[in-house]
Participant: 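Below you'll find the structure I mean.
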Amino acid sequence: MAVISAARPFAYCFEPAATALIVIDMQRDFIEEGGFGAALGNDVLPLRAIVPTTARLIAAARKAGLSVIYTRECHSPDLSDCPPAKLNRGAPALRIGDPGPMGRILIAGEPGADILPEVAPVPGEPVIDKPGKGAFHATPLAGLLERLGKQSLFFSGVTTEVCVQTTMREANDRGFECLLAEDATGSYFPEFKAATLAMIRAQGAIVGWTATVAEIEEALNGQGDR
Ligand code: TIU
């Protein structure tokens, strides 16, 4: 058993072999200009800032033998998996499925749906395409985690208060011990990120724990072993 002693709100214990790192939606459509995030009117720079720390976390997880599982928010080309409630929400400059500078917005197989090369999966690492914000909705993720025998999940990716928090809450209800990597998750709204971290760990870790990448690395390197 390993422990992240400095995790908030208190120490987080995990069995590395029963732990997976979930890397959520580190896609060009959210992190680069010309994608869905920018089309919604957002400044993408705060998301770019977490790319190096996320790469570090992925490398540490791989080295320690954790499973690394990726998600991508994207839809089939005919949009049959995109409900009107999602497609028509708000007044974005470009809607899901519209042609943009990185291909059709948020469509599987288009360049914009790709994961950034700095944090890309290596062969054999699962990539789960999801039509919703939560990664358990309409995906094989629950079955995959059960087959792999995972009980603890580390979370990283974008955006903190939308897809990351939704997935973390889904996982919490499914019985996983959840930890969010504070500096490997990002939001277009710094105040929403701060609020999400606070609400996750409030009330005695009501949703889960948070820790920095350095604190997670220390535990994965064995310095946190009991
Ligand atoms: N808009 C926003 O903050 N996020 C999303 O639409 N998707 C994800 O968080 N991946």
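Numbering of ligands and ligand atoms starts at 1, following listing order. Keep in mind it's a predicted model, so treat the numbers as computed, not measured.
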Participant: For Val158, take its heavy atoms, then give the atoms of ligand 1 lying under 4.0 Å from any of them.
Facilitator: 8 (C), 9 (O), 10 (N)

Participant: May I ask you to check if ligand 1 and Lys130 share an N or O to N or O distance below 3.5 Å?
Facilitator: no

Participant: Backbone or side chain, does any N or O of Phe36 fall under 3.5 Å from an N or O of ligand 1?
Facilitator: no

Participant: Is Tyr188 in polar range of ligand 1, meaning some N or O pair under 3.5 Å apart?
Facilitator: no

Participant: Checking Tyr12 side chain against Gly208 main chain: does a donor-acceptor pair fall under 3.5 Å?
Facilitator: no

Participant: Would you say Ile50 and Ile31 make side-chain contact, with heavy atoms under 4.5 Å?
Facilitator: no

Participant: Quick one: nearest non-hydrogen protein atom to atom 1 (N) of ligand 1, plus distance?
Facilitator: Leu40 CD1, 3.7 Å

Participant: Please report which non-hydrogen protein atom sits nearest to atom 4 (N) of ligand 1, along with the residue it belongs to and the distance in Å to one decimal place.
Facilitator: Thr159 OG1, 3.4 Å

Participant: Quick check: do Glu118 and Pro52 have side-chain heavy atoms less than 4.5 Å from each other?
Facilitator: no

Participant: At less than 4.0 angstrom from any non-hydrogen atom of Asp25, what atoms of ligand 1 do you find?
Facilitator: 8 (C), 10 (N)

Participant: Name the residue from Asp173, Thr167, Ile128 that meets the side chain to side chain contact (heavy atoms under 4.5 Å, CB included) definition with Phe136.
Facilitator: Thr167

Participant: Is Glu161 in polar range of ligand 1, meaning some N or O pair under 3.5 Å apart?
Facilitator: no

Participant: Please round to the nearest 0.5 Å and tell me the distance separating atom CD of Gln151 and atom CD of Glu146.
Facilitator: 11.0 Å

Participant: Identify the protein heavy atom lying closest to atom 7 (N) of ligand 1, giving its residue, its atom name and the separation to 0.1 Å.
Facilitator: Glu73 OE1, 2.8 Å

Participant: Any N or O on Lys133 sitting closer than 3.5 Å to an N or O of ligand 1?
Facilitator: yes

Participant: Could you check whether any side-chain N or O of Lys150 sits under 3.5 Å from a backbone N or O of Ser152, counting only pairs where one atom can act as donor and the other as acceptor?
Facilitator: no

Participant: Strictly under 6.0 Å, is that where the ring centroids of Phe14 and Phe154 end up?
Facilitator: yes

Participant: Give me the nearest non-hydrogen protein atom to atom 8 (C) of ligand 1 as residue plus atom name, then the distance to 0.1 Å.
Facilitator: Cys163 SG, 2.7 Å

Participant: Flag Phe30 as yes when one of its N or O atoms lies below 3.5 Å from any N or O atom of ligand 1, and as no otherwise.
Facilitator: no

Participant: Give a yes or no on whether the backbone of Gly35 and the side-chain of Arg28 come within a donor-acceptor separation of less than 3.5 Å.
Facilitator: no

